[in-house]
Amino acid sequence: MGTKHTETALEHEHATHHDHAHDHDEHHETFVSKYIFSMDHKMISRQFLITAIIMACVAMTMSMIFRFQLAWPGEKFAFVHAILGDKWAKDGILDPNMYLALVTIHGTLMVFMVLTGGLSGTFANLLIPYQIGARDMASGFLNMLSYWFFFVSSSIMLASCFIEDGPASGGWTIYPPLSALPEAMPGSKLGMTMWLISMALFIISSLLGGLNYIITVINLRTKGMKMTRMPLTCWAFLITAILGVLSFPVLFSCALLLIFDRSFGTSFYLSDIYIGGRPLDNVGGSPILFEHLFWFLGHPEVYIVLLPALGITSEVISTMSRKPIFGYRAMIGSMLAIGFLSFIVWGHHMYMTGMNPFLGSVFVFTTLLIAIPSAVKAFNYITTLWKGNIQFTPAMMFSIGLVSSFISGGVTGIILADSALDINVHDTYFVVAHFHIVMGLSAIFGMFAGVYHWFPKMFLRMMNKKLGFLHFWITFISAYGVFFPQHYLGLAGVPRRYYTNSNFPMFDNLVDINEICTIFAIIGGIGQLVFLFNFFYSIFRGEKAPQNPWNSNTLEWTTPVANIHGNWPGKLPVVHRWAYDYSKPGQEHDFVPQTVPLAEGEHDGGEH
Amino acid sequence: MKLLVLLAILLLIIAGHQLLRIIELSRGLKKTKDWELTNSDNNAMGKLMLTFMILFLLAFFWQTHRWIDRSLPGSASEHGLKIDWLWDVNMNYIVVPVFLVTNFILFFFAYKYRGNTNRKATFFPHSNTLEMIWTIVPAIALAFIIIFGLKYWNEIMADAEDPNKLTIELYAKQFDWTARYGGKDGKLGTTDFKQIGGTNQVGLDTNDVLGHDDITVKNEFHIPVGREIELLMRSRDVIHSAYLPHFRAQMNCVPGLITAFKFKPIKTTEDMRKDPYVIHMMAAINKQREKFGKDPVIFDYLLLCNKICGENHYNMQMNIVVESEKDYNAWMAKEQAKKTGKAAVASK
């Protein structure tokens, strides 16, 4: 299938240049075309990563501010005042509207900018062409546009934090009418408009990227790279991209209708409202329509965030256990099943919205079905570790962390998916704990695993292992420390998005739990400095990367240690086997790269 | 002061830079690279994985032991008892065991199979039997969860059909609640949001005579024990959510819609105040309140807003008093007298 693509223009142009590639002055490249408007998948991947890291820092700082407020409501904090100023934190006490704004933007940045744009953008861009043996993405130009839409979108979202009325503050789910009516809260004025514009641009970026990933995987696989030989990372990126392409347009229409309601007087989501001392003209709309549209994206979105992380860990766990991934086909099958089911479960976010209860029971059924492929994945990871020869690189440790958080957060999903049980914990901290652990932690651990593992391919240098260990343990322990206790807040009935719990005497005995969460958040936040230092320091001063530092089978490790256009000097590699021949009996080494031909009578692992 | 801080930061940067230079220079002398794993790394990290697992699981038990009695008291409504039962079954027999066992195995394997240059991993790419097991076992467990969950869900969400039911409307707006009773005829009048204003704060349709005797109350509403309560919910402005955690009841209040939730309270407020679990809980709460310099409180049922609704979302509450039918009737009579009294004053 891939043969006809081996003779690309890029090959002619760059095949002879590989010798010079490492000395930073490639031919015909200006600073602008190399570092800014680059069409090279590796550069775009790095652009996504750096942008996502900046966004993650902003979002984490925001969470730090509201965690202080939750643990010590009414106390004065100089650092809060220093960041937010007199208007939003008079004397260092956080303003309730700003609290909601911080919660909202924290969620938006984390879900969309960091874990969707950042995670897929970085690793799908880096790994798809590398691992399937392609010169670049199918369309370098669309790929470049994808990044720049993402950049503009992120910039607008950040800029909205500096306007007079503050950024959007109706929660990251921006349910109307709260988000539709400027009278309802200051954040629903200009801030909300900017949020919607930013999101529209983000969706464009995501679609351009997603289409590119799908086309590249389908068309540009090198000779011998059958779908059943493809690394699970590429499978994950492919399924993720399909989910995105099918669901993001729905969010776009959802946002568009909201823009109409806000700016052009339509009534898609509005009806029978009296606000600001007068009845509104809007009649006939329904906020529940918005919720349906929003969650039709919103739920696949969870898997858009999670699947790339699962793909990355599949690769890392297999490589670092020095064992083939257990149940390769089952892993693909479960990802396909999760991807399919993710489209028919959105209603489980809406059991308590007034949606017809019968519809709710259908969603209970479909939602709980997702537990089956998820369980298959978790057990397959664990079995991959069994009788392995586990190499604890920081990437491997984060991958094990992911499996743990995927399980610990996943099991409470069984409770929340059950509508009868959801009644009393819906929108409480039990939900906050659940989705932060299963989605937030798992995805961010997957992202860290990817950064540590493929850093040598991205920046041609190595990250320091000891700092990596330190970073892992701080992050892992404090992440559980922040979110695990929140289950108990949920059991006590604490609603989420409360500026303070001190107005209800029934929550007074929960202060110490909130303090514990905040203390761990502080430790975890500071721990990320270790990562930032290791990351930026290693970019410039890390040890030089060898050809194949992790003794890995996949194709990216056959490229020269240089960022050259077209990835391989000369001909593209030809693939003869699946990616997981680790510790195969009868082989000299404990790994057999995909480019090694099958011996006589040898059985290809992906074929069973 | 600021200058000092700046100087300190500058010094730290210089010190850090020097330290890095030393490390970089000594790097050339070392045999091992600062990214390559050694046996001792693997050994140490494997042991740390095991240590983490033990501490993590201990922390789980410690938290549960310490904090579980801060959970909401047992359900004060009839259907809530079923929810509590189903919750306990799911938690104790599925969620917690799966959580404990899989985390145990995960970290134990990580420790047991920690890498070593002498080890060789076992080539074990797949096993249909194993994969079938962990497809079918979860499927069976899920069948149980789904069957019971849906059975209760359908019961709980069925329309209120008890002829003796008491219908109350909860009306939400930024940022308070109003409860409306049917008055003498027991029937709620229809509403029209365009007529909101003046004394008509809930938007009664003045053309509908059914609504003329409706009683509205704020801050606190009363319900009789042992009778089915049908809550109808409306919102004036944005989405709110009526959350009555002690009764295991919750439903969003959506502008333009009337949503409903029914429940039968089985314990009066006084019953709850005598419940040993609640007494213990309130003692802990009052102990904490004393530290804050706040007055002690007694137990009350509460209605909270549980859907983000704006600035004062965190302070949108209403007391609920559950009492005997007799006390409830007395309270209702008083509220009705208040209304006629007010009307009499107005007509003068």
Side-chain angles (χ1 to χ4, degrees), chain A residues 96-97 171 175 177-178 184-185 271-275 279 287 322-324 327 330 352-354 357 361 368 372 375 379 382 385-392 400 403 407 411 418-421 423-424 426-427 462 464-465 488 491-493 495 497-499 503 505 508-509 543 583-585 605, chain B residues 33-35 37 42 45 67 70-72 83 87 95 98-99 102-103 105-106 109-110 113-115 119-123 125-126 131 134-135 138-139 142 146 149-150 152-153 157 193-194 196 236-239 245 248 250 252 254-257 259 284-285 288-289 297 306 308 310-311 314-315:
Chain A
N97 276 315
Y175 282 3
L178 184 62
M185 67 194 314
S271 188
D272 295 18
I273 292 163
Y274 181 97
I275 198 166
R322 314 308 296 160
K323 273 186 71 189
M352 295 294 117
T353 56
S361 42
L368 283 168
I372 297 173
F379 286 118
I382 292 175
L385 297 180
W386 181 70
K387 290 199 174 177
N389 182 16
I390 300 171
Q391 306 298 310
F392 287 110
I400 293 173
V403 178
I407 294 168
V411 286
D418 204 340
S419 53
L421 300 180
I423 294 172
N424 218 46
H426 188 89
D427 269 331
M462 306 300 291
N464 183 297
K465 69 179 175 192
Y488 299 89
L491 293 179
R497 293 167 176 155
Y498 267 22
Y499 165 68
N503 284 38
D508 275 342
N509 59 339
E543 283 191 46
S583 304
K584 197 171 192 183
Chain B
K33 301 202 165 62
D34 67 8
W35 57 270
L37 289 181
N42 280 332
M45 289 304 131
W67 295 337
R70 301 181 188 188
S71 308
L72 290 164
I83 293 183
W87 178 286
V95 173
V98 170
F99 162 75
T102 43
N103 269 300
I105 298 175
L106 172 71
F109 281 1
Y113 303 109
R114 61 192 187 279
R119 277 186 74 87
K120 192 155 163 65
T122 309
F123 187 78
H126 85 124
E131 283 161 65
W134 48 69
T135 309
L142 288 173
I146 292 173
L150 289 186
Y152 290 161
W153 170 250
M157 301 309 284
F193 77 103
K194 293 208 164 110
I196 294 172
R236 174 193 281 194
D237 35 41
V238 301
I239 300 176
R248 314 292 185 258
Q250 174 161 212
N252 284 9
V254 185
L257 279 186
T259 51
I285 288 173
Q288 187 64 45
R289 287 179 72 82
V297 289
N306 197 14
I308 182 170
E311 187 177 358
Y314 66 98
N315 190 20

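Throughout, a chain's letter reflects where its sequence line sits, starting with A, and its residues are numbered from 1. For the numbers below, each heavy atom of this structure counts, side chains included, while hydrogens, waters and symmetry mates do not.
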So [Y] and [X], do their side chains get closer than 4.5 Å, heavy atoms only?
| X | Y | answer |
| --- | --- | --- |
| Thr102(B) | Phe379(A) | yes |
| Ile390(A) | Asn42(B) | no |
| Pro177(A) | Pro287(A) | yes |

Within the side chain of [X], is there an N or O that forms a donor-acceptor pair under 3.5 Å with the backbone of [Y]?
| X | Y | answer |
| --- | --- | --- |
| Gln391(A) | Leu37(B) | no |
| Asn252(B) | Ile239(B) | no |
| Ser583(A) | Arg322(A) | yes |
| Glu131(B) | His126(B) | no |

Segment of [X] engaging chain A (4.5 angstrom heavy-atom cut-off):
| X | answer |
| --- | --- |
| Gln288(B) | side chain |
| Ile196(B) | both |
| Val254(B) | side chain |
| Thr259(B) | side chain |

What part of [X] gets closer than 4.5 Å to chain B, counting heavy atoms only: side chain, backbone, both or neither?
| X | value |
| --- | --- |
| Tyr175(A) | side chain |
| Asn464(A) | both |
| Tyr488(A) | side chain |
| Leu385(A) | both |

Do you know which of [options] has the most heavy-atom pairs under 4.5 Å to chain A?
| options | result |
| --- | --- |
| Ile105(B), Asp237(B), Ile83(B), Val297(B) | Asp237(B) |
| Arg289(B), Arg70(B), Arg114(B), Met157(B) | Arg70(B) |
| Ala139(B), Ala284(B), Gly310(B), Pro255(B) | Pro255(B) |

Count the heavy-atom pairs under 4.5 Å between each of Gly388(A), Ala375(A), Ala330(A), Ala420(A) and chain B, then report the option with the highest count.
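So the answer, after comparing Gly388(A), Ala375(A), Ala330(A), Ala420(A), is Gly388(A).
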Just give me the residue among Arg497(A), Met462(A), Lys387(A) that pairs up with chain B most often, heavy atom to heavy atom, under 4.5 Å.
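Most heavy-atom pairs under 4.5 Å with chain B: Lys387(A).
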Pairwise distance CG(Asp272(A)) to CZ(Arg236(B)) - rounded to 0.5 angstrom
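If I round to the nearest 0.5 Å, the distance is 13.0 Å.
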Where does the angle between the aromatic ring planes of Tyr113(B) and Trp386(A) fall among parallel (under 30°), tilted (30 to 60°) and perpendicular (over 60°)?
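Tyr113(B) vs Trp386(A) ring planes: perpendicular.
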